[in-house]
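Everything on this sheet refers to the single structure shown next.
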2 protein chains.
Amino acid sequence: MTAVSIESAFYRGAPDRLEVPPMTTPPRQPRRKAEQRAESLEQLLDAAEELFSQHGFYGVTIKDIADKVGVHKSLIHYYFTDKQEVFDKVMARRAPVTSGRRMEALDAYEAAAGGKPTVEGALRAFLDTDLDTYSNGGDGWRHFGALSAQINNTPAWGAEVMDRLFDPVVLRLIGLLRQALPDATEEDLFWGYHFVTGALTLSLARTGRIDHLSGGKCRSDDFEAIKERMASFMAHGFIGICHDRAAERRKQTRE
Amino acid sequence: MTAVSIESAFYRGAPDRLEVPPMTTPPRQPRRKAEQRAESLEQLLDAAEELFSQHGFYGVTIKDIADKVGVHKSLIHYYFTDKQEVFDKVMARRAPVTSGRRMEALDAYEAAAGGKPTVEGALRAFLDTDLDTYSNGGDGWRHFGALSAQINNTPAWGAEVMDRLFDPVVLRLIGLLRQALPDATEEDLFWGYHFVTGALTLSLARTGRIDHLSGGKCRSDDFEAIKERMASFMAHGFIGICHDRAAERRKQTRE
DNA sequence: ATTATCTATAGATCTATAGATAATGC
DNA sequence: ATTATCTATAGATCTATAGATAATGC
């Protein structure tokens with residue numbers, strides 16, 4: 001898999017300068033050892049990702065991860081210094097992808113909106129892009145989503161690192177919301193975002209709670225149903241409180 | 001503390017039949033051993049609650065809990081059969097309290113609304129009651145809130161038990177929302193609740209994320225700020241999507 | 001010659017239990 | 001006599017490391 005991405009990265013780069021190959025010669029067949037290493041690493045990270053997402057950092061042992069892949073537990077110490085590094089690499093694998101995609105979507109939306117972004121438009125670029133990533137990305141993204149949801153509510157597990165990584169996209173979204181709602185206070189924008197991210201986080205966790213609560217009418221896995229409602233719901237929330245609270249401020253000023 | 005609540009439960013019960021005391025004689029001074037047992041139990045549950053809320057079920061050892069209280073770790077096995085029971089009793093201590101208070105608040109609101117409940121009114125009974133519980137309840141409730149937030153996003157830790165306990169209040173809330181929004185589909189009501197509970201959960205976790213994201217303008221601990229916005233924000237969301245989606249259904253029918 | 005994987009093992013920690021000790025209860 | 005707490009310890013498990021073995025690389 002990684003061998004494939006190395007190849008495609010090579011072929012994607014600067015196709016108009018083929019006369020300068022960056023390395024000696026591109027290997028015809030993927031080199032076996034590099035391939036083996038990449039595969040083992042990926043399998044271990046996949047297994048760790050799934051187990052961490054189900055039981056949390058402390059609920060998983062190095063042996064659990066190795067057993068799931070079918071290798072000896074000491075192999076983990078060959079590829080990683082300790083369990084914390086496994087966890088960190090699980091995070092480092094996908095977090096920049098979702099951050100990058102949302103940033104691009106917000107850039108594209110801002111360009112398309114021509115100086116007049118709407119609340120729902122900005123939220124759609126942010127939310128629907130992410131919901132697509134997590135719903136079309138297969139098991140790996142599904143587990144990563146559940147793990148992110150846990151981490152989001154358990155700051156002691158190194159949420160600060162995650163936060164710092166996502167800060168730029170979030171501030172980018174809030175910048176667009178500020179344009180769309182010039183009368184909103186900063187506090188209202190940030191609290192609104194807080195509500196949005198709480199709802200998104202719970203969605204990524206796919207707990208199955210809504211399935212049984214609704215008697216089967218809704219399903220945690222139904223990200224299309226979430227996409228149909230979430231951006232619109234939250235946009236009405238933003239606009240509503242800004243309107244209500246601006247009216248209240250005017251009333252207080254008059255008194 | 002437990003001695004106190006036994007006493008008050010005694011005095012609260014049927015004050016018009018004082019001639020039939022249920023036990024031999026109410027003890028003038030609290031009995032020392034019962035008091036000691038109750039205190040130890042409470043201290044152990046307090047310590048467990050705080051530690052679990054920070055590190056999760058598997059991140060806490062029996063020794064950690066005992067050390068925090070200053071007793072020997074084997075004492076935990078005297079009061080509880082195993083760690084799982086400690087965890088379960090931590091949950092059993094406060095979960096029924098928040099469930100009961102919200103149920104009472106919804107009953108009171110329905111009676112006061114005289115057949116015409118509003119979305120925001122119902123949400124206020126549900127949300128503001130809970131936010132009050134968690135913000136005025138001291139450290140114990142603060143830790144329990146953070147722990148609940150973790151569990152909410154980690155179904156493998158016995159969230160089903162919690163769910164079943166909270167189902168009645170949630171369905172009660174949704175019943176009121178259904179009255180307030182007779183045109184809403186069941187799916188819209190349940191997904192709307194899903195968004196609400198995600199936002200509430202993140203609030204209870206008090207992660208500090210919004211503090212640093214907003215550069216200090218908002219604080220995770222500021223439950224008054226949340227109360228000022230949350231019910232109103234969510235009510236606008238509910239009304240908004242029901243309106244939008246009903247319009248869309250009419251449009252599709254016409255085509 | 002280097003790399004990937006496994007075997008063996010040390011040392012720490014964790015849960016759980018049996019039984020001793022010190023306090024309160026009647 | 002009963003209850004609350006502690007001591008001692010067994011057995012399991014966990015992390016981490018040293019070193020052997022079996023592959024691939026040049």
> Just to confirm, is there a sub-4.0 Å distance from OP1 or OP2 of D/dA4 to any side-chain nitrogen or oxygen of B/Tyr78?
Replying inline: yes
> Nearest-Å distance, CG (B/Leu75) to P (C/dA23)?
Replying inline: 16 Å
>> Between the side chains of A/Asp139 and A/Arg142, is the shortest nitrogen-to-carboxylate-oxygen separation below 4.0 Å, so that they form an ion pair?
In response: yes
>> Between C1' on C/dA4 and CG on A/Leu44, what's the gap in Å once rounded to a whole number?
In response: 12 Å
> Can you tell me the Watson-Crick or wobble partner of D/dT15, both distances under 3.5 angstrom?
Replying inline: C/dA10
> Should B/Asp64 and B/Lys83 count as an ion pair when the cut-off is N to O under 4.0 Å?
Replying inline: no
>> Could you report the tightest heavy-atom contact between A/Arg37 and A/Tyr79, atom names first, then the distance?
In response: CA-OH, 3.6 Å
> Does a side-chain N or O from B/Tyr79 land closer than 4.0 Å to OP1 or OP2 of D/dT5, or not?
Replying inline: yes
>> Students often mix this up, so state it plainly: with edges at 30° and 60°, are the rings of A/Phe87 and A/Phe57 parallel, tilted or perpendicular?
In response: perpendicular
> Whole Å only: how far is the CZ atom of B/Phe80 from the C1' atom of D/dT5?
Replying inline: 15 Å
> In whole Å, what is the span from the CZ atom of B/Arg32 to the P atom of C/dC26?
Replying inline: 12 Å
> Expressed in angstrom and rounded to an integer, what is the separation of B/Gln36 atom CD from C/dG25 atom C1'?
Replying inline: 13 Å
> Once you round it to whole Å, what is the distance between P of C/dT3 and CZ of A/Arg37?
Replying inline: 9 Å
>> How would you summarise protein contacts on nucleotides 12-17 of chain C per nucleotide, using B for base, S for sugar-phosphate only and - for none, with heavy-atom distances below 4.0 Å?
In response: --SBBB
>> Please determine whether the number of non-hydrogen atoms from other residues, nucleotides or ligands lying under 6.0 Å from atom NZ of A/Lys227 exceeds 12.
In response: yes
> Within 45 degrees of the axis of the six-membered ring of A/Phe223 and under 6.0 Å from its centre: does A/Arg206 put its NZ or CZ there?
Replying inline: yes
> With both distances kept under 3.5 Å, what pairs with C/dA22, Watson-Crick or G-U wobble?
Replying inline: D/dT3
>> Does any part of the side chain of B/Tyr134, heavy atoms only, come nearer than 4.5 Å to the side chain of B/Phe144, both counted from C-beta?
In response: yes
> Can you tell me how far P of D/dA4 sits from CD1 of B/Ile76, to the nearest Å?
Replying inline: 15 Å
